[in-house]
Amino acid sequence: MKRTMIAAAAVSVSGAAAFAQEAVRPGQPHNWHIDLQEALSPVEANIHWFSNYVLAFIIPITILVAALLAWVAYRYSEKRNPVASRTSHNTTIEVIWTVAPVLVLLCLAIPSFQLLTEQYNPPSPPELTIKATGFQWYWGYEYQSGDVDAATVAANVAPAGAEPVSFESYMVQESDRAGSGKEDMGEYPRLLAVDNEMVVPVDTVIRILATSADVIHSFAIPSMGVKVDAVPGRNNEYWFEANREGLFYGQCSELCGVNHPFMPIGVRVVSKEQFATWLAAAAGDVSAANQALVASIQSAGTVAVAGR
């Protein structure tokens with residue numbers, strides 16, 4: 001028994017030490033994390049608020065019900081109450097247990113509907129539209145600049161003066177890390193890193209049109225509050241606005257076949273200037289544009305560190 005307790009304590013201490021030493025990166029899962037990922041968009045921030053708001057109802061109700069069950073089991077056991085009451089109705093109690101749940105549901109429904117409305121109604125016209133197509137098992141992205149309607153993107157028609165950009169995004173195989181320059185497991189985690197990230201500008205309303213070429217997939221980026229089904233023959237519309245630069249991840253969240261866990265989503269959020277440069281270069285060569293973008297980000301980071 002002592003050995004078991006000592007081993008359990010050692011595991012707990014080592015786990016706490018690992019958590020303290022781990023560099024927690026926003027937009028990624030990490031060890032010992034029991035809460036939602038850090039909110040990196042206005043919608044996700046409101047999802048966090050609503051989650052905590054609902055817990056404020058769930059926790060007291062759970063405690064109340066558990067306490068009532070314990071009290072009834074104790075007070076009305078056969079030993080303490082040998083002659084059971086024959087009461088079948090109590091108007092006061094019936095009114096309370098009818099009205100109270102209705103009030104609770106109203107308190108939950110109103111902010112729930114407000115959040116649901118926000119998720120599908122961007123605060124301003126989208127400045128960038130990206131069509132995300134799910135394949136077995138990878139993602140394809142098509143960029144359309146400007147406020148483009150779903151029919152235009154579905155028909156693969158670019159707005160006047162814009163060069164269309166499209167590419168596929170595959171999970172990085174462990175054997176390909178060195179060749180792709182993505183050896184850093186912290187920045188490019190196993191089973192989440194991709195060869196071509198979806199690049200988007202920061203502080204920009206971005207419309208996602210999710211569809212599929214084969215079976216139902218689900219385009220999900222937890223830190224951005226994005227989760228939309230990709231259904232064959234249909235364009236499902238969603239939006240997000242990243243409020244921080246960096247590299248963030250999501251995954252397909254709909255069971256879509258044997259390689260379902262191996263079609264991650266990489267989102268690289270950059271400045272508007274960097275995005276404009278990348279988009280112009282990606283029209284000719286996506287791979288070269290990505291390399292130039294990473295070099296630009298690393299250079300900017302080096303300058304920022306040197307300036308401190």
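Owing to the predicted nature of the structure, the values given are computational and were not obtained by experimental measurement.
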Inset, instruction - Locate the shortest heavy-atom distance separating Y249 from P222; write the atom from each residue and the value. - result: O-CD, 3.7 Å
Inset, instruction - Evaluate the side chain to side chain contact (heavy atoms under 4.5 Å, CB included) criterion for residues N236 and L209: first the C-alpha distance (whole Å), next the side-chain angles of each, then the deciding distance (0.1 Å), finally the verdict. - result: CA-CA 5 Å; N236 287 334; L209 294 178; over 6 Å; no
Inset, instruction - To the nearest 0.5 angstrom, please state how far the CD atom of E241 sits from the CD atom of E44. - result: 14.0 Å
Legend entry - Neighbour count above 12 (heavy atom, 6.0 Å) for E78 CD: no
Inset, instruction - For residues F248 and M224, determine if any side-chain heavy atom of one lies less than 4.5 Å from a side-chain heavy atom of the other. - result: yes
Legend entry - Heavy-atom side-chain proximity of S253 to K227 below 4.5 angstrom: yes
Could you list the donor-acceptor pairs under 3.5 angstrom formed by side chains in residues 194-206, with sequence neighbours left out?
unit_1, atom_1, unit_2, atom_2, d
D195, OD1, Y170, N, 2.8
N196, OD1, N290, ND2, 2.9
N196, ND2, E168, O, 3.1
E197, OE2, K182, NZ, 2.8
T204, OG1, V202, O, 3.0

Legend entry - Spacing of L105 atom CG and I110 atom CD1 [to the nearest 0.5 Å]: 11.0 Å
Inset, instruction - Indicate the atoms forming the closest heavy-atom contact of I47 with G225, along with that distance. - result: CD1-CA, 4.0 Å
Legend entry - Gap between atom OG1 of T129 and atom CG of N235 - 0.5 Å precision: 10.5 Å
Inset, instruction - Would you kindly confirm whether W137 and L191 end up in one hydrophobic cluster when ILVMFWY residues are joined by side chain heavy atoms under 4.5 Å apart? - result: no
Inset, instruction - Output yes when E237 and R207 qualify as a salt bridge under the 4.0 Å nitrogen-oxygen rule, no when they do not. - result: yes
Inset, instruction - For the pair R244 and E38, find out whether any cationic side-chain nitrogen is under 4.0 Å from an anionic carboxylate oxygen. - result: yes
Inset, instruction - Could you grab the distance from atom CD of Q119 to atom CG of N121, nearest 0.5 Å is fine? - result: 10.5 Å
Legend entry - Hphob cluster co-occupancy, F50 + V226, side-chain heavy atoms under 4.5 angstrom: yes
Legend entry - Centroid separation W239 to Y120 less than 6.0 Å: no
Legend entry - Co-membership, hydrophobic cluster, residues F135 and L255, 4.5 Å side-chain: no
Legend entry - Derivation and outcome, side chain to side chain contact (heavy atoms under 4.5 Å, CB included), residues M263 and H217: CA-CA 10 Å; M263 52 181 302; H217 300 278; 3.5 Å; yes
Inset, instruction - Give a yes or no on whether R190 atom CZ has more than 12 heavy-atom contacts from other residues, nucleotides or ligands under 6.0 Å away. - result: no
Inset, instruction - Determine whether L40 and I221 make a side-chain contact, defined as any pair of heavy atoms from C-beta on separated by less than 4.5 Å. - result: no
Inset, instruction - Measure across Y76 and N81 and return the closest heavy-atom pair with its distance rounded to 0.1 Å. - result: CD2-ND2, 3.7 Å
Legend entry - pair P261-Q251: side-chain heavy atoms closer than 4.5 Å: no
Inset, instruction - Look at the side-chain heavy atoms of Ile, Leu, Val, Met, Phe, Trp and Tyr, link any pair under 4.5 Å apart, and say whether V65 and I58 land in one connected group. - result: yes
Inset, instruction - Work out which heavy atom in C256 is nearest to a heavy atom in I216; give both atom names and the distance. - result: CB-O, 3.6 Å
Inset, instruction - Please report the closest heavy-atom contact between A282 and A289, naming both atoms and the distance. - result: N-CB, 3.5 Å
Inset, instruction - Give a yes or no on whether the backbone of S287 and the side-chain of D285 come within a donor-acceptor separation of less than 3.5 Å. - result: yes
Legend entry - V286 with I265, same ILVMFWY side-chain cluster at under 4.5 Å: yes
Inset, instruction - To the nearest 0.5 angstrom, please state how far the CE atom of M185 sits from the CG atom of L192. - result: 10.0 Å
Legend entry - Pair W49 + Y53: ring centers closer than 6.0 Å: yes
Legend entry - Pair V165-E142, side chain to side chain contact (heavy atoms under 4.5 Å, CB included): steps then yes or no: CA-CA 6 Å; V165 173; E142 301 174 32; over 6 Å; no
Inset, instruction - Taking R25 for its side chain and G186 for its backbone only, find out whether a donor-acceptor pair lies under 3.5 Å. - result: yes
Legend entry - Main-chain N/O of F113 paired with T117 side-chain donor or acceptor, under 3.5 Å: yes
Legend entry - Heavy-atom pair with the smallest gap, counting every atom of W139 and S218: CZ2-O, 3.8 Å
Legend entry - Working for side chain to side chain donor-acceptor pair (under 3.5 Å), residues Q274 and S296: CA-CA 8 Å; Q274 288 174 324; S296 172; 3.2 Å; yes
Inset, instruction - Please answer whether the main-chain N or O of S212 pairs with a side-chain N or O of T133 as donor and acceptor at a distance below 3.5 Å. - result: no
Legend entry - Ring centre gap for Y143 and W278 strictly below 6.0 Å: yes
Legend entry - Side chain proximity check, C107 to F57, heavy atoms < 4.5 angstrom: yes
Inset, instruction - Mind jotting down which residue pairs meet the side chain to side chain donor-acceptor pair (under 3.5 Å) criterion with at least one end in residues 254-270? Sequence neighbours excluded, please. - result: Y188-R268
Legend entry - Check: H33 side chain, L36 main-chain N or O, donor-acceptor pair, under 3.5 Å: yes
Legend entry - V43 and F240, any side-chain heavy atoms less than 4.5 Å apart: no
Inset, instruction - Taking T98 for its side chain and V95 for its backbone only, find out whether a donor-acceptor pair lies under 3.5 Å. - result: no
Legend entry - Value rounded to 0.5 Å, distance of CG in L247 from CG in D184: 10.0 Å
Inset, instruction - Go through the steps for Y141 and K131 under the test side chain to side chain contact (heavy atoms under 4.5 Å, CB included), then give the verdict. - result: CA-CA 6 Å; Y141 301 113; K131 182 180 179 182; over 6 Å; no
Legend entry - Within-4.5 Å side-chain heavy-atom neighbours: T277 and E273: no
